[in-house]
Chemist: 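Right, I'll just put the structure down here and ask away after.
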Amino acid sequence: MLSLGIEGTAEKTGVGIVDNNGNILASVGEALIPQAGGIHPREAAEHHAKTIPKLIKKALNEAKIDIHDIDLVSFSKGPGLGPALRSVATAARTLALGLKVPIVGVNHCIAHIEIGRLTTSAEDPVSLYVSGGNTQIISFEEGRYRVLGETLDIAVGNLLDQFCREVGLGHPGGPIVEKLAKKSSKYIQLPYTVKGMDLSFSGLLTATIRKYEKGASLEDLCYSLQETAFSMLTEVTERALEHTKKDEVLLCGGVAVNKRLQEMLSIMCDEHGAEFYVPPAKYCGDNGAMIAWLGQLMYKYHGGDDIENTTVIQRYRTDEVDVPWMKSLGSRLKPP
Amino acid sequence: MGLESIISDIEISLNLEKDAEIVYKSIKPEVLTAPSQRSKLNIKRDKKKILFKIIAEDSHAYRASLNSILRWVIISLDILKLMKRGDI
Amino acid sequence: MGLESIISDIEISLNLEKDAEIVYKSIKPEVLTAPSQRSKLNIKRDKKKILFKIIAEDSHAYRASLNSILRWVIISLDILKLMKRGDI
Ligand SMILES: Nc1ncnc2c1ncn2[C@@H]1O[C@H](COP(=O)(O)O)[C@@H](O)[C@H]1O
Ligand SMILES: [Mg+2]
């Protein structure tokens, strides 16, 4: 059974094809490069409208299959930008109705976790999901993924993107910050804001920009920005690990490709006797394969959606969805 | 401004009735749920015609609603085209 | 493409009938002479309403015609606004 997944919650369009055994036959994508002011919802909507048909063809070619071989259509129902989501939902409905196959709208955040579990050995991890639009610390408990902590304002990827935009560097900001950070080891004091397992990045952004305007070097600021933001993320993930008594950490989302963040989390996991996992780079950021795969899981356990119930959910909460395929491995305390 | 309202009825005719049904069903959930503070939308289908009504308070609201509707129609038609050609 | 035509009737209501008459007379020459290979335009007035009809072969032609009409209406209304405020 083949699932075609369409991703389009933000500026990146993705199409993936995955079978019901979790074999990824195709995953193709194309990102909109935003203008100076960031991602405009209607621009993203237009980008998806123009790009989805092209990517569907590309994915089918990559998978070496015909469109009529598709048995299931899945799409990112939310969370995300309203106009962007609507383009994707319309395309998915047309495809499912035209092919006369079931349709499933899936939760974008859960898709990141499930593609992470599919492409690593993680089974029941504490997941740190870090992207341009979301920052969440997630753990499976009693039938659902629970959000133990999250950003109280902007996502960590957005922190990096906005900083680079403000100082005249490119987009996305993450790789630029990572590259410049390697050229420094001089820490400049910046605001560190953790409240329990929640975090705040907006003060950190403002302070970093202010220091730039006062003449601090970009290399030192990128190093300091990473060290501060990533220490915050590592601290809350450590707390979640202790709180849940799980022994795995999964890092996912676009920011997960960052080697320094991977290093910090890996060290923290070693200290706790926990396993650390991160998906291959192509499955970290937004992609169609994760939507296709979660579609397979949702269809197997919940069945398809009625067309009338495929309306998008801009603020789709991670903990709204029953995930019956997940089984907690329990609180396994290590022997002394 | 001197403008009180813009009301428009848009009739989009497709070549095939079954295509019109698919496009109509694909777009209807968006038309009925799209957030619109200064405009109202409605959608109907009559054989191979899809009928939209936009009631807007100003030209910006009208244009935004119309652009959304056209975007949805076009993407739906583009997806239908993929399935017909059999060129993949 | 699967699209045969787009036909729309647009009713723009102004606050004042005399404004509608001015806008109608200002726009009518453009509407009747606008080059349009893939669309036809018509304009009428009924009291304070200006009524447009667009018949287009495709979405691009439709959007182009609509954008022209809205642009003309808006500029005409902006000029009227100048005269009402007495700030020139
Ligand atoms: N090497 C990197 N380091 C940090 N962030 C990154 C890196 N590469 C990409 N990102 C960020 O990942 C986000 C996109 O991920 P996503 O929203 O999951 O597609 C953007 O905010 C990027 O700035
Ligand atoms: Mg994402």
Side-chain angles (χ1 to χ4, degrees), chain A residues 4 6 8 13 15 41-70 73 75 77 82-101 103 105 305-314, chain B residues 10 12 14-45 48 50 52 54 56 58-88:
Chain A
L4 184 146
I6 308 175
T13 321
V15 174
R42 287 188 205 285
E43 283 177 13
E46 284 295 330
H47 171 68
H48 297 324
K50 288 186 176 69
T51 308
I52 288 168
K54 285 193 297 187
L55 290 183
I56 289 173
K57 282 200 263 185
K58 195 174 174 184
L60 293 165
N61 285 334
E62 190 171 291
K64 299 186 172 66
I65 62 169
D66 183 77
I67 197 164
H68 300 281
D69 297 323
I70 295 299
V73 175
F75 71 99
K77 189 172 172 151
L85 294 170
R86 291 177 195 286
S87 286
V88 171
T90 303
R93 289 185 205 106
T94 305
L95 191 60
L97 289 166
L99 292 174
K100 298 188 173 71
V101 299
I103 184 170
D305 297 341
D306 294 328
I307 283 290
E308 297 79 27
N309 293 332
T310 55
T311 47
V312 305
I313 307 174
Q314 287 185 226
Chain B
I10 304 156
I12 297 183
L14 302 190
N15 288 320
L16 300 172
E17 187 174 341
K18 71 179 173 68
D19 286 356
E21 187 179 5
I22 291 174
V23 173
Y24 168 74
K25 284 182 176 175
S26 297
I27 291 170
K28 188 180 175 185
E30 302 313 326
V31 170
L32 297 185
T33 59
S36 49
Q37 288 148 309
R38 299 186 329 279
S39 64
K40 293 194 184 73
L41 309 180
N42 202 359
I43 182 172
K44 287 191 232 164
R45 186 180 69 89
K48 62 179 188 174
I50 310 174
F52 299 93
I54 305 173
D58 56 55
S59 64
H60 289 96
Y62 177 76
R63 212 200 294 265
S65 295
L66 181 83
N67 281 337
S68 293
I69 288 169
L70 287 179
R71 188 187 309 129
W72 299 329
V73 169
I74 291 163
I75 193 168
S76 193
L77 288 172
D78 284 347
I79 298 292
L80 279 179
K81 225 165 28 177
L82 288 178
M83 290 180 269
K84 285 178 193 301
R85 291 220 229 98
D87 59 3
I88 18 175

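Here is how names work: the chains are called A, B, and so on, in the same order as the sequence lines, proteins then strands, and each is numbered from 1.
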Chemist: Do the charged groups of A:Glu46 and A:Arg42 touch, with an N to O distance under 4.0 Å?
Modeler: no
Chemist: Which region of A:Ala92, side chain (C-beta onward) or backbone (N, CA, C, O), has a non-hydrogen atom less than 4.5 Å from a non-hydrogen atom of chain B, or is it both or neither?
Modeler: neither
Chemist: Checking heavy atoms, do the side chain of A:Leu99, its backbone, both or neither come under 4.5 Å from chain B?
Modeler: both
Chemist: Do any N or O atoms from the side chain of A:Arg93 and from the backbone of A:Thr310 form a donor-acceptor pair under 3.5 angstrom?
Modeler: yes
Chemist: Taking the side chain as every heavy atom from C-beta outward, state whether B:Met83 and A:Ile56 have any pair of such atoms under 4.5 Å apart.
Modeler: no
Chemist: Can you tell me which of A:Ala89, A:Pro83, A:Ala49, A:Ala96 forms the most heavy-atom pairs within a distance under 4.5 Å of chain B?
Modeler: A:Ala49
Chemist: Please determine if A:Glu62 and A:Lys58 form a salt bridge, counting it only when a charged side-chain N lies under 4.0 Å from a carboxylate O.
Modeler: no
